[in-house]
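Computed from a predicted structure; not experimentally measured. Letters A, B, ... are given to chains in the order of the sequence lines, protein chains preceding strands, and every chain is numbered from 1.
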Amino acid sequence: MQPPETAPSSPQELLDRSYQIAGVTLGELAAMAQLAIPANLQRHKGWPGMLIEKWLGATAGSKPQQDFPELGVELKTIPIDQQFNPLETTYVCYAPLLSKPGITWQTSNVRNKLQQVLWVPLEGDRSIPLADRRVATAFFWQPNEQEDAILQRDWEELTEMIVLGDVEKITARLGQALHIRPKAASGNVLTDAMNADGERIRTRPRGFYLRTSFTGAVLHRHFG
DNA sequence: ACATGATCATCC
DNA sequence: GGATGATCATGT
């Protein structure tokens, strides 16, 4: 078995590819792809995601928007424990701190990214050596009406705070399903934002993340 | 610096 | 133990 060299031409082909690697360990996938396995993830935090991208035929690199633009599909690996509970929150996208006019939930990057997600759960318990962790069965997910409403409410609450110049009041405690946290290589990275008086300020870049309670519910809706 | 891929590590 | 805030690698 080898990684594909082309992008999948249909959602079904993408799903088929994910089934091909279900149950396989990350060590086996790395070996077949002739990739080195890091000793741990401390300095290779994105490694599992990159490995799965390669095996499903996502275009490499750090391009904006979805992983499979032609399919309208976003790929997300998610580390899980033995009960299929997520072990980490899920990064969605950067949070724009300089609001663009006319942006709504319907046109937001968050909604665009989450419109159609291929979830690929991976064994993530730190007690399992990285190479021994197995890929679980992937599945497509589209937010249902209720999930979309929750995400919309959170997004609107947080976006309103940014628009009102209250970005510094935002904490990760806000938001039922979606929240905002720093997202940067280090604490000294700064970007532009506005304060409540409309003045330019410098602040840490932020990202939108899905809480584990939300992704956990999504997983359990599919795996019971 | 921004954006991708995320997990780490500390605090509660 | 779990969530929050911080951080790591890489490419554009």
Using modelled atom types only, decide if a donor and an acceptor are shared between the side chain of [X] and the backbone of [Y] within a distance under 3.5 Å.
X	Y	result
A/Arg200	A/Asp192	no
A/Ser108	A/Trp105	yes
A/Lys76	A/Tyr91	yes
A/Trp155	A/Val110	no

Quick one: label A/Leu190 by what it contacts on the DNA or RNA (base, sugar-phosphate, nothing), any heavy atom closer than 4.0 Å. sugar-phosphate
Base, sugar-phosphate or nothing for A/Glu74? Non-hydrogen atoms, less than 4.0 Å. sugar-phosphate
Distance check, rounded to the nearest 0.5 Å: [X] atom [atom1] versus [Y] atom [atom2]?
X	Y	atom1	atom2	result
A/Tyr209	A/Leu178	OH	CG	11.5 Å
A/Thr171	A/Arg181	OG1	CZ	10.5 Å
A/Thr215	A/Glu88	OG1	CD	10.5 Å

Could you write out each protein N or O paired with an N or O of nucleotides 10-12 of chain B at a distance under 3.5 Å?
none

Between [X] ([atom1]) and [N] ([atom2]), how many Å, whole number?
X	N	atom1	atom2	value
A/Leu158	C/dT4	CG	C1'	14 Å
A/Leu35	C/dA9	CG	P	18 Å
A/Leu130	B/dG5	CG	C1'	14 Å
A/Leu97	B/dA3	CG	C1'	14 Å
A/Arg204	B/dA1	CZ	P	14 Å
A/Gln66	B/dG5	CD	P	11 Å
A/Arg206	B/dA3	CZ	C1'	17 Å
A/Arg211	C/dA3	CZ	C1'	8 Å

Using the side-chain contact (heavy atoms from CB on, under 4.5 Å) definition, which of the options A/Leu219, A/Leu151, A/Asp154 pairs with A/Phe214? A/Leu151
More 5' along DNA chain C: A/Ser186 or A/His179, using each one's nearest nucleotide? A/His179
Under 4.0 Å: is that the gap between some side-chain N or O of A/Thr171 and OP1 or OP2 of C/dG5? yes
Heavy-atom count around A/Arg111 CZ within 6.0 Å, excluding the residue itself: above 12? yes
What nitrogen or oxygen pairs link the protein and nucleotides 6-8 of chain B at under 3.5 Å?
residue	atom	partner	partner atom	Å
B/dA6	OP1	A/Thr77	N	3.1
B/dA6	OP1	A/Thr77	OG1	2.4
B/dA6	O5'	A/Thr77	OG1	3.4
B/dA6	N6	A/Tyr209	OH	2.7
B/dT7	O2	A/Lys45	NZ	3.0
B/dT7	O4	A/Arg181	NH2	3.2
B/dC8	OP2	A/Arg126	NE	3.1
B/dC8	OP2	A/Arg126	NH2	2.9
B/dC8	O4'	A/Lys45	NZ	3.1
B/dC8	N4	A/Glu88	OE1	3.3

